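Read through the structure below, which is laid out as structure tokens, and then see the notes.
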2 protein chains.
Amino acid sequence: MYGLIGKFTAVAGQRDALVELLLDCTDDMPGCLSYVVATDPADADAIWITEVWTDEASHRASLSLPAVQQAIAKARPLIASFGNATTITPVGGYGLGRREG
Amino acid sequence: MYGLIGKFTAVAGQRDALVELLLDCTDDMPGCLSYVVATDPADADAIWITEVWTDEASHRASLSLPAVQQAIAKARPLIASFGNATTITPVGGYGLGRREG
């Protein structure tokens with residue numbers, strides 16, 4: 001499995017709009033096992049995304065999906081900055097849905 | 001929802017044993033929506049845990065479960081250090097299983 005833990009900072013006042021955009025495109029991503037969008041109780045503009053994919057190729061392919069491309073285009077003006085993303089190697093656990101890749 | 005992103009450092013050579021212990025206790029945690037254990041491709045001793053719970057009380061209660069208490073007791077000697085845990089507020093996404101609380 002392949003995973004990412006990422007943090008974004010939204011343009012002030014745009015966090016919730018950005019969250020909505022990020023949630024909109026999670027419906028049909030082949031190879032996606034988990035995709036959680038979270039806010040940060042310590043930072044009103046921050047958004048955390050934790051993702052688990054069957055493999056890195058599935059994640060990469062998702063970035064080319066039309067729905068994801070559209071969401072990225074809409075989201076970009078709402079993002080003030082990207083934090084460091086951490087690549088992880090999920091081993092197991094609970095809540096890893098299985099989708100046809 | 002209530003979430004945590006945490007990083008541990010295992011005692012050298014004990015990472016995989018620690019991962020097994022952490023996975024063993026994920027079977028029956030009321031209120032747990034997601035619990036993913038991951039290794040770190042950039043740090044051979046590191047373990048990441050990302051957790052989503054229905055609320056903070058469910059997470060706190062899980063720490064008192066006998067299976068979790070036993071796992072903590074076994075895991076402690078294998079942990080060299082705890083990194084900073086980040087508390088997050090998950091809003092939605094994919095892979096959030098529902099369990100009876």
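Everything numeric here is computed off the predicted structure, so don't read it as measured data. Lettering follows sequence order; numbering is per chain, from 1.
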So CG of L33(A) and CD of E51(A): to nearest 0.5 Å the spacing works out to 11.5 Å

Interatomic distance, OG1@T50(B) vs CG@L4(A), rounded to 0.5 Å, equals 11.5 Å

Cut-off 4.5 Å, heavy atoms of chain B, and the answer for I5(A) is side chain

task: Flag the pair F8(A) / S81(A) as yes when at least one side-chain heavy-atom distance between them is below 4.5 Å, and no otherwise.
output: no

Discussion item. Would you say that K7(B) contacts N84(B) through its side chain, given a criterion of any heavy-atom pair below 4.5 Å between the two side chains?
Written reply: no

What one should report as the nearest heavy-atom pair of M1(A) and T89(A) is O-CG2, 3.8 Å

Could you tell me whether the side chain of Q14(A) and the main chain of I79(A) form a donor-acceptor pair under 3.5 Å?
no

Listed by number, the residues in residues 35-47 of chain A that come under 4.5 Å of chain B (heavy atom to heavy atom) are Y35(A), V36(A), V37(A), A38(A), T39(A), D40(A), P41(A)

Tightest non-hydrogen contact, residues G95(B) and S34(B), listed as O-CB, 4.0 Å

Comparing T87(A), I49(A), V52(A) against chain B, the one with the most heavy-atom pairs below 4.5 Å turns out to be T87(A)

Tightest non-hydrogen contact, residues G3(A) and P90(A), listed as N-CD, 3.5 Å

ask   = Which word best sums up how the rings of H59(A) and W53(A) line up, parallel for under 30°, tilted for 30 to 60°, or perpendicular for over 60°?
value = perpendicular

Closest non-hydrogen atoms of P30(B) and S58(B), given as atom of the first, atom of the second and distance, are O-CB, 3.8 Å

Filtered by a 4.5 Å non-hydrogen cutoff, the part of residues 16-23 of chain A contacting chain B is V19(A), L23(A)

